[in-house]
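These notes concern the structure reproduced below.
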Amino acid sequence: MKNEEQKSAFILRVEEIAKELSTLVGDEGGGSEKSCILLVNEMPQGSTTTAQCTAIFGSGKGLIKSMAAFISSPDMAEAVALGAKLAALEKIVKN
């Protein structure tokens with residue numbers, strides 16, 4: 001990721017939120033199998049590169065349940081499919 005001076009206020013705030021979420025998910029209070037998947041993307045004005053922040057926190061079982069709920073959501077299924085296709089194409093281009 002970019003160095004601190006180059007990060008936008010948006011990405012810096014997302015990184016702060018990710019730290020807060022990590023603490024909340026790791027907190028022993030509340031239910032078990034807590035999980036969080038954070039996917040953030042920003043293309044700054046005038047830039048051709050995308051800044052991204054991704055974070056995964058929590059129990060493996062909880063993460064799997066969260067991913068399954070996300071993928072099976074009618075509103076998200078197409079986005080998941082397109083993201084998988086883009087990732088595959090980018091991998092092919094890099095190799």
*Is R13 salt-bridged to E20, going by a charged N under 4.0 Å from an acidic O?*
yes

*Shortest non-hydrogen contact from F57 toward A18*: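 Taking F57 first and A18 second, the nearest heavy atoms are CZ-O, 3.1 Å.
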
_Backbone of L24 reached by a side-chain donor or acceptor of K34 within 3.5 Å_ =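 Pair found, side chain donor or acceptor close to backbone of L24.
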
*Does the S35 side chain pair with the main chain of G58, one donor and one acceptor, at a distance under 3.5 Å?*
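No; judged by distance alone, with no hydrogens or angles, the pair does not exist.
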
Hey, what do you get for [atom1] ([X]) to [atom2] ([Y]), rounding to the nearest 0.5 Å?
{"X": "M43", "Y": "T50", "atom1": "CE", "atom2": "OG1", "value": "3.5 Å"}
{"X": "S66", "Y": "I71", "atom1": "OG", "atom2": "CD1", "value": "10.5 Å"}
{"X": "L38", "Y": "L21", "atom1": "CG", "atom2": "CG", "value": "6.5 Å"}
{"X": "N41", "Y": "I11", "atom1": "CG", "atom2": "CD1", "value": "7.5 Å"}

Would you say that [X] contacts [Y] through its side chain, given a criterion of any heavy-atom pair below 4.5 Å between the two side chains?
{"X": "C53", "Y": "E15", "answer": "yes"}
{"X": "E42", "Y": "Q52", "answer": "no"}
{"X": "P44", "Y": "S8", "answer": "no"}

*Answer with yes or no whether the hydrophobic clustering places V25 together with I17; edges join I, L, V, M, F, W, Y residues whose side-chain heavy atoms lie under 4.5 Å apart.*
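Yes, because V25 and I17 connect within a single hydrophobic cluster, where side-chain heavy atoms sit under 4.5 Å apart.
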
*Residues clustered with I37, ILVMFWY side-chain links under 4.5 angstrom*: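 Besides I37, the cluster holds L39, I56, L63, M67.
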
Identify all side-chain donor-acceptor contacts of residues 86-95 below 3.5 Å with residues at least two apart in sequence or on another chain.
residue	atom	partner	partner atom	Å
N95	ND2	K91	O	3.2

*Please identify each residue that fulfils side chain to side chain contact (heavy atoms under 4.5 Å, CB included) with M76, with sequence neighbours left out.*
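Counting only residues at least two positions away or on another chain, M76 forms a side chain to side chain contact (heavy atoms under 4.5 Å, CB included) with F70, S73.
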
